[in-house]
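Both backbone and side-chain heavy atoms feed into the values below; hydrogens, waters and symmetry mates do not.
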Amino acid sequence: MSAPAPSPLAIVDAEPLPRQDEVLTDAALAFVAELHRRFTPRRDELLARRTERRAEIARTSTLDFLPETQAIRVDDTWKVAPAPAALEDRRVEITGPTDRKMTINALNSGARVWLADFEDASAPTWENVVTGQLNLIDAYTRDIDFTDPRSGKAYALKPAEELATVVTRPRGWHLDERHLQLDGTPVPGALVDFGLYFFHNAQRLIDLGKGPYFYLPKTESHLEARLWNDVFVFAQDYVGIPQGTVRATVLIETITAAYEMEEILYELRDHASGLNAGRWDYLFSIVKNFRDGGAKFVLPDRNLVTMTAPFMRAYTELLVRTCHKRGAHAIGGMAAFIPSRRDAEVNKVAFEKVKADKDREANDGFDGSWVAHPDLVPIAMASFDAVLGDKPNQKDRLREDVSVAAGDLIAVDTLDAKPSYDGLRNAVAVGIRYIEAWLRGMGAVAIFNLMEDAATAEISRSQIWQWINADVVFENGEHATAELARTVAAEELATVRAEIGEEAFAAGKWQQAHDLLLQVSLDEDYADFLTLPAYEQLR
C-alpha cells in the first residue's frame, strides 16, 4: 500500500492578493512545506536552547569563547568557499524593504549590493510578504516599473550591468508566518521567505550570472548556522542546482554570536561569503542578555555608543580579523542618515559624520559597508575607493595585530557616557513613532532624519527597561521609573497629536503604539523580541 500524500500547506486568514498565484504556486508551497517538515523541529530545539543560554548568562554575568570548539578556532587550514564573481566587490551595500519603488531605486542606486529585506526593514504583513517576492521576480525578468501616484514620477530599471547584486534577508528564526500553516502549525517566517525566494529565483539568478545570496539575521550560535547550512544543502538538491551555489552572509548582531564567529563561518564554509557588524541589534542583544548584570552593563543613550567605544572596537576588529583569516568578506555597519531636502546645514554635518564612519571602517580593513539612502552611496564609495583602489576587497589584510580577550566584548563599563533624561525622551519618541508605522505595515521609517527599522525600536524599549530596572538617576536628578516613562510617553503622544492634527492622529495607530511601547518597556517579564507581541496586533 502506498504512503499517504503529505498534507499541503494551508493559507490561513489572508485576503487574496493580486497575482499571488504567481508566488504561491502548488510547487513552491510543496517546497516550503517540505522545509517546514524537515527543519522546524530543529528550529524549535534551538529556540529552547537560546532560553537556556540566556538563563546561564543571568546566573554568571559573563560569556567566553566555547572550549568545545577550540579545535576549529586553532586550525588554520580551513577557509570558506571563494566568493562568486558577483560578490567579490561589495564596497557599498544599500539596504531596504522590497516594495516596488525601493526595489527599482535600490537596484539603480550605484551600490554594489542591495540587501533586499524581508526582516527588520519590513513589517511582515501578508501583503508585504507576498508582493515583496513578486517584486523581486519582476525585477529579475525586467518586468518592473513604478509611477509615484503623488508626484507622477516614473521609475524604471537601468541596464543589467549597472544594477546592484541582490542579497535577500529572510526573517529571523524566532518569527512565525501565521498565514501559512501545516496541520494547524505556522511555518517559520525564515523558511517562508527563503523558500519562496529560492524556489522561484535560484535558476533564474544562475542564468543571469549571479545566484541565490542571503543575509542571515539574529543568529545566536554556530548550531543555528549549521541548521541554515543543512537547509541550503537540501534546497540545492531539491531544485537540482550545484552544491555551493547559495552564498550566505551572517549578521553578527547578537552578543553570543560574537563569541562564535569562526564557528559560524566553519558551519557554513561551503556557502559562507562573509560576516556583517549590525550595531543596533548588537546593543539590544547586550541589554537583553545582561539585563540582570547590574550597573556595569547599563548602556548610555544609544547615540552616545559610537563604534569607537572600546567594547564596540573589540567586536568590529575581531570580526575583520576572523573574516580575513578565513577568506570571507567583512561588511561594516549602517549609515542611517536620511538627507534633508530643506536643511543644507543638517546635511553637511551628517555627511561629515558618515564620511568619518566609512573612512574608519575602510581603514580598519572592512571590505564594504551599508547605507540606508542612495545619496549616501557616493560618500561611502569614496571612502572605500580611497583604500581599495582597483582591488575588489582587502581580504589580504589579515589584521594579525588584533587580539581580543573574552572580557573585551562585554566591557560596557569602559564607556564614559551615562544615560540622560533627553536619551529617555528620545527613546520614547522614536519608539512610539516607529511602532505606529510598523503597525500600519511600514518597516523602514524616516524619523528625525534617520532611517529606523525594528532594531531601533528594540534598542529604544530595551534601554527604557534597563534604566528603570537599574534605577538610573539622570543628570537632572530624576530617577528612571515606570511612572516617569508613562509621563514622557503621554507627553510624546500629545506632541504627535499637535504635530499632525486630530484627523491624521485618529486615522493612525498612535494609542496602540504608545500602549505597546509601554508594555514591552515596563513589563517585568521582558519580551525576547518586540516584534512577537507586535505581530499579534499586525493586521
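- Around OH of Tyr535, the count of heavy atoms belonging to other residues, nucleotides or ligands within 6.0 Å exceeds 12.
- Summarising the geometry, atom CZ belonging to Phe505 is positioned 6.0 Å from atom CD belonging to Gln511; distances are rounded to the nearest 0.5 Å.
- For Tyr282, the ring-ring contact (aromatic ring centres under 6.0 Å, His included) partners at least two apart in sequence or on another chain are Tyr315.
- Expressed to the nearest 0.5 Å, how far CD1 of Ile468 lies from OG of Ser521 amounts to 7.0 Å.
- Inter-residue side-chain proximity for Thr168 and Phe194 is flagged as unmet; no heavy-atom pair is nearer than 4.5 Å.
- Met261 is not listed as a side-chain neighbour of Arg326, based on a closest heavy-atom distance of 4.5 Å or more.
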Test log, rule side chain to side chain contact (heavy atoms under 4.5 Å, CB included), inputs His36 and Leu180: CA-CA 11 Å; His36 176 62; Leu180 278 179; over 6 Å; no
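- Using a 4.5 Å heavy-atom cutoff, the side chains of Arg54 and Tyr526 are not in contact.
- Taken to the nearest 0.5 Å, the CZ atom of Arg73 stands 9.0 Å off from the NZ atom of Lys325.
- Within 6.0 Å of CZ in Arg539 there are more than 12 heavy atoms belonging to other residues, nucleotides or ligands.
- Note that Lys288 lies in the cation-pi zone of Phe529, set by a 6.0 Å cut-off to the ring centre and a 45° limit from the axis.
- At least one side-chain heavy atom of Asn276 sits under 4.5 Å from a side-chain heavy atom of Trp370.
- When every heavy atom of Ile94 is checked against every heavy atom of Ser109, the shortest pair comes out as CG2-OG, 3.7 Å.
- Of the options Thr95, Asp117, Thr98, a side-chain hydrogen bond (donor to acceptor under 3.5 Å, both in side chains) to Arg169 is made by Asp117 and by none of the others.
- Ion pairing between Arg425 and Asp422 fails under the 4.0 Å rule for side-chain N and carboxylate O.
- Note on ring orientation: taking the six-membered ring where Trp is involved, the planes of Phe351 and Phe337 are perpendicular (angle over 60°, cut-offs 30° and 60°).
- Contact between Val520 and Pro533 at its shortest, heavy atoms only, is CG1-CG, 3.8 Å.
- Residues Thr306 and Thr308 bring a donor and an acceptor atom of their side chains to less than 3.5 Å of each other.
- Taking the side chain as every heavy atom from C-beta outward, Phe297 and Asp292 never approach each other to under 4.5 Å.
- Side chains of Asp515 and Gln519: no donor on one and acceptor on the other come within 3.5 Å.
- In this structure, a donor-acceptor pair under 3.5 Å is present between the side chains of Arg90 and Thr249.
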Evaluate the criterion ring pair (Phe, Tyr, Trp, His ring centres under 6.0 Å) for residue pair Tyr197 and Phe118; output intermediate values, then yes/no. CA-CA 11 Å; Tyr197 180 77; Phe118 288 94; 7.4 Å; no
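- Nearest heavy-atom pair across Leu265 and Gly274 is CD2-O, 4.3 Å.
- Taking the side chain as every heavy atom from C-beta outward, Leu516 and Trp438 never approach each other to under 4.5 Å.
- How far CG of Leu35 is from CG of Asp230: 12.0 Å, rounded to the nearest 0.5 Å.
- By the 4.5 Å heavy-atom criterion applied to side chains, His514 and Leu518 are counted as neighbours.
- Taking 4.0 Å as the cut-off between side-chain N and carboxylate O, Asp375 and Arg341 count as a salt-bridged pair.
- For the atom pair CG (Leu223) and CD (Glu45), the distance works out to 10.5 Å, reported to the nearest 0.5 Å.
- Put simply, CG on Asp367 and CG on Leu275 are 11.0 Å apart, with the number rounded to the nearest 0.5 Å.
- Side-chain atoms of Trp465 come within 3.5 Å of backbone atoms of Asp523 as a donor-acceptor pair (strictly under, hydrogens ignored).
- Ion pairing between a basic and an acidic side chain is recognised when a charged N comes within 4.0 Å of a carboxylate O; Glu56 and Arg59 show such pairing.
- Because its NZ or CZ atom is both nearer than 6.0 Å to the ring centre of Trp280 and within 45° of the ring axis, Arg302 counts as a cation-pi partner of that residue.
- When each of Lys218, Arg49, Arg43, Arg50 is tested with Glu224 by the rule salt bridge (charged side-chain N to carboxylate O under 4.0 Å, His left out), just one qualifies, namely Arg50.
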Criterion side-chain hydrogen bond (donor to acceptor under 3.5 Å, both in side chains) on Asp301 and Ser420, from CA distance to verdict: CA-CA 7 Å; Asp301 306 2; Ser420 73; 2.5 Å; yes
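- In summary, Arg321 and Glu317 do not engage in a salt bridge, as defined by a charged side-chain N under 4.0 Å from a carboxylate O.
- The minimum heavy-atom distance linking Glu177 with Pro186 is given by the pair O-CB, 3.6 Å.
- Using a 4.5 Å heavy-atom cutoff, the side chains of Arg53 and Thr256 are in contact.
- Residue Glu524 qualifies as open at atom CD: its count of foreign heavy atoms under 6.0 Å is 12 or below.
- Contact record, Asp193 with Gln133: O-NE2, 3.1 Å, taken as the closest heavy-atom pair.
- Counting non-hydrogen atoms of neighbouring residues, nucleotides and ligands closer than 6.0 angstrom, the CG atom of Asn476 exceeds 12 such neighbours.
- Remark: of the listed residues Glu262, Glu260, Glu263, Glu260 is the sole one forming a side-chain hydrogen bond (donor to acceptor under 3.5 Å, both in side chains) with His222.
- Listed by chain and number, the residues in a ring-ring contact (aromatic ring centres under 6.0 Å, His included) with His271 are Phe232 (sequence neighbours excluded).
- When all heavy atoms of Asp359 and Ser383 are compared, the pair lying nearest together is OD1-OG, 2.7 Å.
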